> 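Following this message is one structure expressed as structure tokens.
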Amino acid sequence: MNIKLIIFSGVMTALVGAVIGLAAAQIGQRNFNQLKYETQYYKDLHNRYALIGASLGFIIGVGQECVRELKADGDDK
């Protein structure tokens, strides 16, 4: 298994997931600069969406690349 390729795939899908998370935060807020709620939880919500998206993207990317690597190893035998 190529660990560098697996990590690279995880990082790239984490970036895509972070962008999707930021887009979800933007879509959920009418005016991104003017917050709908005033509590600290809602003020930091767009940061959490990006973190959640990046985490899920990394997990999905690493999992998908591991499956590809295992399939390639199985086909060689």
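Just so you know, these numbers come straight off a predicted model, no measurement behind them. The basis for the numbers below is simple: all heavy atoms, side chains too, and nothing from hydrogens, waters or symmetry mates.
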> Once rounded to the nearest 0.5 Å, what's the spacing between atom CD1 of Ile7 and atom CD of Glu65?
10.5 Å

> According to a 4.5 Å side-chain heavy-atom criterion applied to Ile, Leu, Val, Met, Phe, Trp and Tyr, with indirect links allowed, do Met12 and Ile3 form part of one hydrophobic cluster?
yes

> For the CD1 atom of Ile52 and the CD1 atom of Ile20, what is their distance to the nearest 0.5 Å?
13.5 Å

> Measuring from atom CG of Leu70 to atom CG of Asp73, what distance do you get when rounded to the nearest 0.5 angstrom?
6.5 Å

> What's the separation between atom CZ in Arg68 and atom CG in Leu5, rounded to the nearest 0.5 Å?
8.5 Å

> Taking atom CG of Leu22 and atom OH of Tyr49, what is their separation to the nearest 0.5 Å?
11.5 Å

> Indicate if Val11 and Phe8 have the same hydrophobic cluster label, given that clusters are the connected sets of ILVMFWY residues with side-chain heavy-atom separations under 4.5 angstrom.
yes

> What is the minimum heavy-atom distance between Ser9 and Gly61, and which atoms define it?
OG-O, 3.3 Å

> Could you check Ile6 against Val62 for side-chain contact (heavy atoms from CB on, under 4.5 Å), going step by step and ending with a plain yes or no?
CA-CA 6 Å; Ile6 291 171; Val62 167; 3.8 Å; yes

